[in-house]
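Have a look at the structure below, then the notes.
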Amino acid sequence: MKMGKYKPLDPLEVPRFAGIRSFWRLPHLKEIPKDVDFVIVGIPFDTGASYRVGARYGPEAIRSQSLILRTHNPVLDISPFEYCSGIDYGDIQVIPGFIEHSYETIEKEYRSIIDKEVIPIALGGDHSITLAELRAIAKKYGPVALVQFDSHTDTDPDYYGHKYNHGTPFIRAVEEGLLLTEHSIQIGIRGSTYSKDEIDKARELGFEIVTAEEMFKLGVDKVARMIQERVGDAKVFVTFDIDFIDPAYAPGTGTPEVGGPSSREALELIRKGLKGLDFVGFDLVEVYPQYDPGFITSLLAANIVFEFISLIALNKKNTRE
Ligand code: MN
Ligand code: MN
């Protein structure tokens with residue numbers, strides 16, 4: 001395998017602000033070549049949003065802010081493209097206003113992507129899209145573990161009597177048997193709820209839940225260990241709702257909840273908590289550029305995806321050594 005064949009433009013050859021805005025200026029290819037390890041996929045869908053709207057512009061904003069990324073991750077001590085190779089697939093053709101039809105399209109196109117033995121990294125889109133991703137993932141791998149960074153459990157039983165929106169994907173995923181709940185964990189839960197027992201009900205579904213309050217009491221190292229122990233050797237899907245992070249650092253989101261971690265704390269938790277896990281997919285959802293002064297939320301999102309790619313590369317490096 002030719003390592004690093006599909007990689008970003010070299011920022012020392014072409015200045016970072018120049019060129020077409022694929023994620024990290026990766027090659028944009030609709031046909032996935034054989035020797036690719038991960039694929040960036042935009043899912044610009046926001047019909048599942050319950051409060052603010054506008055996540056359909058999330059993928060574009062994250063791609064624009066990804067231009068700043070250089071080639072080496074000094075904290076994880078890895079240059080990802082020395083060990084892995086990736087492309088930007090572009091966006092899946094969702095239909096605004098039609099969630100069930102869009103779910104079918106996402107699942108079908110996702111299937112054809114993961115059948116190529118690559119790790120998909122989706123850029124959302126509101127959080128409703130994750131259900132369709134998980135349907136495709138489970139058809140290939142069977143039920144998987146879920147690590148969910150979010151200020152919400154997204155396990156509402158319904159939304160005004162309807163099954164699908166960005167508050168319901170994980171109750172549906174449990175009902176459909178897509179998750180190994182005994183290996184799944186939700187971190188960062190906070191904010192006002194619709195009822196007294198909302199969080200308990202999510203726990204009853206089988207998820208381990210670390211609320212924001214508990215997370216601050218325990219500290220990053222302890223929470224990172226809890227993630228590692230919960231997931232263990234299971235195949236894992238990582239879903240990162242940007243509202244996990246405090247709106248002071250990530251204001252450009254749909255349902256902001258105050259009192260969350262800083263971007264620094266979140267990056268540390270990602271690096272320690274996810275290191276070495278057996279990833280089958282990632283997504284980064286709920287970026288709303290209209291509410292994002294100075295592009296700080298999409299900049300943060302691009303840097304989180306950089307950490308995901310670094311973690312994929314680290315796994316490749318460790319299996320080679
Ligand atoms: Mn969410
Ligand atoms: Mn959320």
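Whatever order the structure lists them in is the order used to number ligands and atoms, beginning at 1. Heavy atoms only: backbone and side chains are in, while hydrogens, waters and symmetry mates are out.
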Is it the case that the side chains of N73 and S310 hold a donor-acceptor pair, with the cut-off being a distance below 3.5 Å and no angle test?
yes
With a 4.5 Å heavy-atom cut-off, do [X] and [Y] have their side chains touching?
{"X": "P143", "Y": "L180", "value": "yes"}
{"X": "I137", "Y": "L178", "value": "no"}
{"X": "M226", "Y": "I187", "value": "no"}
{"X": "D233", "Y": "D278", "value": "no"}

If you round to the nearest 0.5 Å, how far is OG1 of T253 from CG of D241?
5.5 Å
Take the Mn ion (ligand 2) as the centre and count protein N, O or S atoms at distances under 2.8 Å.
5
